[in-house]
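Below: the structure, in structure tokens.
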Amino acid sequence: MSHTLEELANYVGGRVEGDTTCVIDSVASLGTAGSQQLSFYTGGKFKQAFSGTAADAVIVSSKHANLSSTNLIVVENPMLAFALIAKKLNPASVLSGIHPDASVDPTANIDASAYVGAQSVIGAGVEIKAGVMVEASCVIGQDCVIGENSRLHAHVTISDKTIIGKNAIIYSGAVIGSDGFGMANDQGRWIKIPQLGIVEIGDDVEIGANTTIDRGALDNTVIGNGVKLDNQIQIAHNVKIGDHTAIAGCVGIAGSTVIGQYCTIAGGVGITGQLEITDNVHITAMSLVTQSISESGAYSSGTPLQENAKWQRNYIRFTQLDDIAKRLKRIETE
Amino acid sequence: MSHTLEELANYVGGRVEGDTTCVIDSVASLGTAGSQQLSFYTGGKFKQAFSGTAADAVIVSSKHANLSSTNLIVVENPMLAFALIAKKLNPASVLSGIHPDASVDPTANIDASAYVGAQSVIGAGVEIKAGVMVEASCVIGQDCVIGENSRLHAHVTISDKTIIGKNAIIYSGAVIGSDGFGMANDQGRWIKIPQLGIVEIGDDVEIGANTTIDRGALDNTVIGNGVKLDNQIQIAHNVKIGDHTAIAGCVGIAGSTVIGQYCTIAGGVGITGQLEITDNVHITAMSLVTQSISESGAYSSGTPLQENAKWQRNYIRFTQLDDIAKRLKRIETE
Amino acid sequence: MSHTLEELANYVGGRVEGDTTCVIDSVASLGTAGSQQLSFYTGGKFKQAFSGTAADAVIVSSKHANLSSTNLIVVENPMLAFALIAKKLNPASVLSGIHPDASVDPTANIDASAYVGAQSVIGAGVEIKAGVMVEASCVIGQDCVIGENSRLHAHVTISDKTIIGKNAIIYSGAVIGSDGFGMANDQGRWIKIPQLGIVEIGDDVEIGANTTIDRGALDNTVIGNGVKLDNQIQIAHNVKIGDHTAIAGCVGIAGSTVIGQYCTIAGGVGITGQLEITDNVHITAMSLVTQSISESGAYSSGTPLQENAKWQRNYIRFTQLDDIAKRLKRIETE
């Protein structure tokens, strides 16, 4: 699967500086790349690695083109060009057919071009569309739909009636469509409220390992097109996430919260229930969001890391903060 | 599975206002419900949805009975009445028998009314009681007991000797009885301490998707009756959780901590080890608990979300807080 | 599997005080131990339990030897001695062979002394070394290597090309080698960057239930020898963790961060990407680390738990902290 530098530059709409006939067969990092390998540079701390790289070629933007004497593909968005070329040079393996050790309900409708791996269990009435890959040991409950060219890695659980769009990638251990945490309180005891909605997932969605997305209580939980979810995210019932929003690992979003489009939510953030977060909101790591956000922008909460001994002194003062403010006010008014 | 409004009102000890003969066959949210559908209203932001609903009937308390002209079931606790009616109208599917693709040890004792799904693995000496449903791809280790009418969703792992009470619901990806994180330090190297206790789970417990509950080191980890655990909770070895306590997603509880009855712990809370939390304690989202709590009540930690630029200025001041307090004191004494 | 106290003391390099011929067949906690049982005491709140224990013998250090009249094994490190004796008295069960309900690719190379459990799936080219135990329902992707005497509990997922050293213990639901969260942005849309590195895991590593470790983007994700990871930890692509570092539950570490040797990271900590943390760093629970740490020591962030009403007042003052500092400065300069 090798290409000339010129072919690859054309593929991503870039231009070659250097030897257009140079042959590339794989990608690697600046520090490890060598003969027939392509790397990329986007600035920052890898400047020295770039200038000293043994890569046969590097993808850069025009502003960094003069920093190295190796062959270059010059493009506007080097990271994007790298993603596209790396994919071209490393096509995903494609299988079709049903492994003899899978358990498939006779009423499931599995396209002839799709694949179902060993020990997977496909329930009644499931629709598996063209080009889908269901790896080993997945469980897909009744009446689910898995859209064209989606890929479920090993050990994915999809509960009854879940609808997944095209080109989804769902990683191992993800659980889609489990019951939400809905209960009525009866004099101290908790009584389960049946969870009757479903999960609807758009096209081009990525769902990380061990991420959980609960089905709706009455209406549905909805994940928009192009949404990217990292590992170990918890999405509660009736949450809606707008198109092209990306969420990093270990985020928890409580019930019925609606998140806009093109947001980025960093790792470990918590968002309480029933909130509305508008489009283009960016939230930094481990922040807690307890109120709706109606203006785009970056938001944060939390306090800085310090050496434990220094932190202890400031930490305890936090409990006196209201008192400090009042005493200051008193002095000001005197 | 349809009922008259009168039948449903009687079932939950309520009274009908309107057409007692109205036929209901399903439940839905206020905004989507229509003919033959029942919804509920408990106040708050859904007032307009309630007054404009096309639902044939709505469950309310007497204080909201005048807000809509639709048929009503009037009860003291509408949420509870809704939970009970929704369950009555949506009975869980019941299967029995052992799927031919399951692997069941010949010494396991599985009640004839129980179900074991495809690809599940049941170990030696396991007791599976009447009415239990073990869905696809579960693994139950040796000598476990699963109490009457409990349900394990797909991909649940129950390790050796775990005891689970009646009516449990355990969601996909949950791991019960894994070894605790117990180690001795030998000049910098960590040496595993065998984890010889078990997990004991009471009756009527719900355990969320991808939640983990470790077995005890020597004594047992104990989850009380009626405890409800959401998704992605981590419960370490020798934790004890009192009856009817509810814990939201992404909470972590460290080893040997004891939590009382009727507590609520919101999402993302962390509780360090060896603590005692009394009954009726309520902890707000993402708080960190590092000391025992001996008085009932609500507790919190953390700082507010702000626009990033404003937050940056306050954030850095936190490192000066002890200094600020001392300088204020100095001014006061002058 | 019983031994005299003298045999056990010799085994851990300790000395007996009391009856050297006393026979021990199991270990238990101070409060529950009885005849033929051994416990341990390391100080602190269990003093009364120690002096009143019905255990036939207790492991202690010399400084606590006078606190009880029971038989003693006196050693320098009682916790370590207990770990070693508990393991000796409770040897892990050993199986070998391939369960008939496993799916094993014919090109996989499985040592005759290894075990593969029911419903497990072993991919092409996998090497499973001597003494390995793969429990039920694991999935091991193509070309992985599992080192001597490692044990995979039920429902573990190991993705293609992962390399695991000797004596690993990997608990249920762990996912090793899933794709990292790497994307290029194309005018608001996210384009996946193929994740072409692998995960390399050293010897003597423990990986907790539902923990996830992503494969590298280009270079590898590396977990050093003797590293101990608790449950529900998320380790992103290209992270490197130094030998003998221990990480508690629910920690998240973002991409390309490098953590030194002999560190301890408490539960719920978040560490952002591209950082370098030196050796012997200790981070307290739920801290957020956003900058590299070049000096060994203990570090913390966060604010204390308070009763909700008191906390509310301090919480809101945090948004005024920069203003408070400036007003104080103004008064000082007047």
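In this text the structure is predicted, and so the values were computed from the model without any measurement. We use all heavy atoms of the structure for the numbers below, so side chains are in, but hydrogens, waters and symmetry mates are not. Throughout, protein chains are lettered first and strands after them, A, B, ... in sequence-line order, and every chain is numbered starting at 1.
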Region of B:A236 in contact with chain C, defined by heavy-atom distances below 4.5 Å: neither
Examine whether an atom of B:I293 lies under 4.5 Å from a heavy atom of chain C, and if so say whether it belongs to the side chain, the backbone or both; otherwise answer neither. side chain
Does any heavy atom of chain C fall under 4.5 Å from the side chain of B:I193, the backbone, both, or neither of them? both
Between B:C138 and chain C, with a heavy-atom cut-off of 4.5 Å, which part of the residue counts as in contact: side chain, backbone, both or neither? backbone
Side chains of C:L305 and B:L288 in contact at under 4.5 Å (non-hydrogen atoms): no
Side chain, backbone, both or neither: which part of B:I331 has a heavy atom under 4.5 Å from chain C? side chain
Tell me, for B:V139 versus chain C, whether the close heavy atoms (under 4.5 Å) come from the side chain, the backbone, both or neither. both
At a heavy-atom distance under 4.5 Å, which candidate from C:A246, C:G268, C:G249 has the highest pair count against chain B? C:A246
At a heavy-atom separation under 4.5 Å, does B:V156 approach chain C through its side chain, its backbone, both, or neither? backbone
Between B:I158 and chain C, with a heavy-atom cut-off of 4.5 Å, which part of the residue counts as in contact: side chain, backbone, both or neither? neither
For C:V27, which atoms come within 4.5 Å of any heavy atom of chain B: side chain, backbone, both, or neither? both
Contacting moiety of C:L229, where chain B heavy atoms sit under 4.5 Å: backbone
Please report all inter-chain donor-acceptor pairs (under 3.5 Å) between chain B and chain C, with distances to 0.1 Å.
unit_1	atom_1	unit_2	atom_2	d
B:D101	O	C:Q119	NE2	3.1
B:S103	OG	C:D101	OD2	2.4
B:S103	OG	C:Q119	NE2	2.9
B:S137	O	C:H155	NE2	2.7
B:T157	OG1	C:H155	ND1	2.7
B:G173	O	C:N210	ND2	3.2
B:D179	OD2	C:Y171	OH	3.0
B:N185	O	C:N77	ND2	2.8
B:W190	NE1	C:H244	O	3.2
B:K192	NZ	C:Y171	OH	2.9
B:N210	O	C:N210	ND2	3.1
B:N210	O	C:Q232	NE2	3.2
B:T212	OG1	C:Q232	NE2	2.9
B:D214	OD1	C:N231	ND2	2.8
B:D214	OD2	C:N231	ND2	3.4
B:D219	OD1	C:S29	OG	2.9
B:D219	OD2	C:S29	OG	2.9
B:I233	O	C:Q232	NE2	2.9
B:Q234	OE1	C:N231	ND2	2.9
B:A298	O	C:N308	N	2.8
B:S300	N	C:Q306	O	2.9
B:S300	O	C:Q306	N	2.9
B:S300	OG	C:N308	ND2	2.7
B:G302	N	C:T303	OG1	3.1
B:G302	O	C:W311	NE1	3.0
B:N314	OD1	C:L321	N	3.2
B:N314	OD1	C:D322	N	2.7
B:N314	ND2	C:T319	O	3.3
B:R317	NE	C:D322	OD1	2.7
B:R317	NH2	C:D322	OD1	3.1
B:R327	NE	C:E332	OE1	3.2
B:R327	NE	C:E332	OE2	2.8
B:R327	NH2	C:E332	OE1	2.8

For the student: nearest non-hydrogen atoms of B:A184 and C:A83, plus distance: CB-CB, 4.2 Å
For the residue pair C:A325 and B:I324, what are the closest heavy atoms and their distance? CB-CD1, 3.8 Å
dist B:M286:CE -> C:M286:CE (nearest 0.5 Å) comes out at 5.5 Å
For B:F318, all residues meeting ring pair (Phe, Tyr, Trp, His ring centres under 6.0 Å), sequence neighbours excluded: none
Is the closest side-chain heavy-atom distance between C:I247 and B:F181 below 4.5 Å? no
